[in-house]
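Comments concern the structure below.
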Amino acid sequence: MPARRPARQGKPTPASPRVVAPVPGERRPGDVLHWLMKSEPDVFSFADLLRAPARTTGWEGVRNYQARNYMRDGMRVGDRVLFYHSNAAPSGVAGIAEVARAAYPDPSQFDRTSEYFDPKATREAPIWMQVDIRAVEAFAQVIPLEALKADAALTGMEVTRTGSRLSVQLVSPAHFERVVALGRR
DNA sequence: GCCAACGTTGGC
DNA sequence: GCCAACGTTGGC
């Protein structure tokens with residue numbers, strides 16, 4: 001299921017990683033990283049994830065290199081994810097999910113009938129990757145972006161910055177815990 | 001629906 | 001490799 005709205009793409013080149021992986025070999029077994037992933041609830045909401053088989057979905061449709069690199073190079077099974085509703089009323093964090101499967105090729109890039117189809121991609125040389133995400137905990141209500149911006153403890157959090165467009169973001173442990181505290185309140 | 005911010009493309 | 005034009009994201 002589409003986790004992201006369609007993003008028309010021009011010329012993906014597999015070798016374009018000017019984006020540094022978030023966690024060079026410094027992660028130890030057992031370390032958990034924290035992320036934020038955006039989805040437009042009209043396309044795929046946290047409620048949709050709760051209803052999905054095994055409360056899990058493939059995060060297909062990401063067509064941005066930095067977001068791809070975060071998923072491919074940064075995410076591990078068990079990492080925690082803030083599920084963010086974008087283009088919504090209100091936009092904000094709807095719940096917690098976790099990485100259920102590490103990165104693998106996004107099948108939609110090969111599918112001519114998909115809006116995410118990428119003619120440059122081949123099975124031998126896939127361009128786009130996805131992870132699987134499983135719902136962990138729904139917040140009683142969405143924490144609006146406005147509340148995130150107003151919270152002093154969340155100063156500097158990427159999603160609160162004006163013009164923050166990246167659909168997969170790294171979140172510091174402190175920011176993650178703070179958002180969870182707000183969500184449980 | 002508007003439009004600011006930002007990423008991508010392509011001419012040079 | 002620069003950068004203007006263009007397309008997209010996403011808050012409001």
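Everything numeric in this text was worked out from a predicted model, so none of it was measured. Protein chains get the first letters and strands the later ones, always in sequence-line order, with residue 1 at the start of each.
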Checklist entry - So how far is it from Glu137(A) CD to Leu50(A) CG, rounded to the nearest 0.5 Å? => result 10.5 Å
Checklist entry - Among side-chain atoms of Ser45(A) and Asp48(A), is any donor-acceptor pair under 3.5 angstrom? => result yes
Checklist outcome for this item: Rounded to whole Å, CG of Asp42(A) lies from C1' of dT9(C) at a distance of 15 Å
Checklist entry - Rounded to whole angstroms, how far apart are NZ on Lys120(A) and C1' on dT8(B)? => result 14 Å
Item to check | Whole-Å gap separating P (dG7(B)) and CZ (Arg161(A)) | outcome: 13 Å
Item to check | Stepwise side-chain contact (heavy atoms from CB on, under 4.5 Å) test for Met75(A) and Val168(A) | outcome: CA-CA 10 Å; Met75(A) 286 188 178; Val168(A) 179; 3.7 Å; yes
Anything under 3.5 Å between a protein N or O and an N or O of nucleotides 3-6 of chain B, put it in a table, one pair a line.
from	atom 1	to	atom 2	distance (Å)
dA5(B)	N3	Arg165(A)	NH1	3.3
dC6(B)	OP1	Thr162(A)	O	3.4
dC6(B)	O2	Arg165(A)	NH1	2.2
dC6(B)	O2	Arg165(A)	NH2	3.4

Checklist entry - Do the ring planes of Trp59(A) and Phe44(A) sit parallel (below 30°), tilted (30 to 60°) or perpendicular (above 60°)? => result perpendicular
Next on the checklist: Whole angstroms only, please: what is the CG-P distance between Leu166(A) and dT8(C)?
Outcome noted: 18 Å
Checklist entry - Do Met37(A) and Val131(A) come within less than 4.5 Å of each other through their side chains, counting heavy atoms only? => result yes
Item to check | Residue-level proximity of residues 149-159 of chain A to DNA chain C when a heavy atom falls under 4.0 Å | outcome: Lys149(A)
Checklist entry - Are any of the side-chain nitrogens in Arg161(A) or Glu158(A) under 4.0 Å away from the carboxylate oxygens of its partner? => result yes
Item to check | Gln169(A)-Ser164(A) side chain donor-acceptor pair, cut-off 3.5 Å | outcome: yes
Checklist entry - How many Å lie between CD on Gln169(A) and P on dG10(C), as a whole number? => result 9 Å
Item to check | Interatomic distance where CD belongs to Glu40(A) and P belongs to dT9(C) [whole Å] | outcome: 8 Å
Checklist entry - With ring centroids as reference points, do Phe83(A) and Trp35(A) lie under 6.0 angstrom apart? => result no
Item to check | Lys38(A) side-chain N/O to dT9(C) phosphate OP1/OP2 under 4.0 Å | outcome: no
Item to check | Any Tyr84(A) side-chain nitrogen or oxygen under 4.0 Å from OP1 or OP2 of dT9(C) | outcome: no
Checklist entry - Should Arg178(A) and Ser172(A) be marked as a side chain to side chain donor-acceptor pair (under 3.5 Å) after you check the CA-CA gap, both sets of side-chain angles, and the distance that decides it? => result CA-CA 10 Å; Arg178(A) 177 61 182 161; Ser172(A) 75; over 6 Å; no
Next on the checklist: Expressed as a whole number of angstroms, how long is the span from Glu146(A):CD to dC12(C):P?
Outcome noted: 7 Å
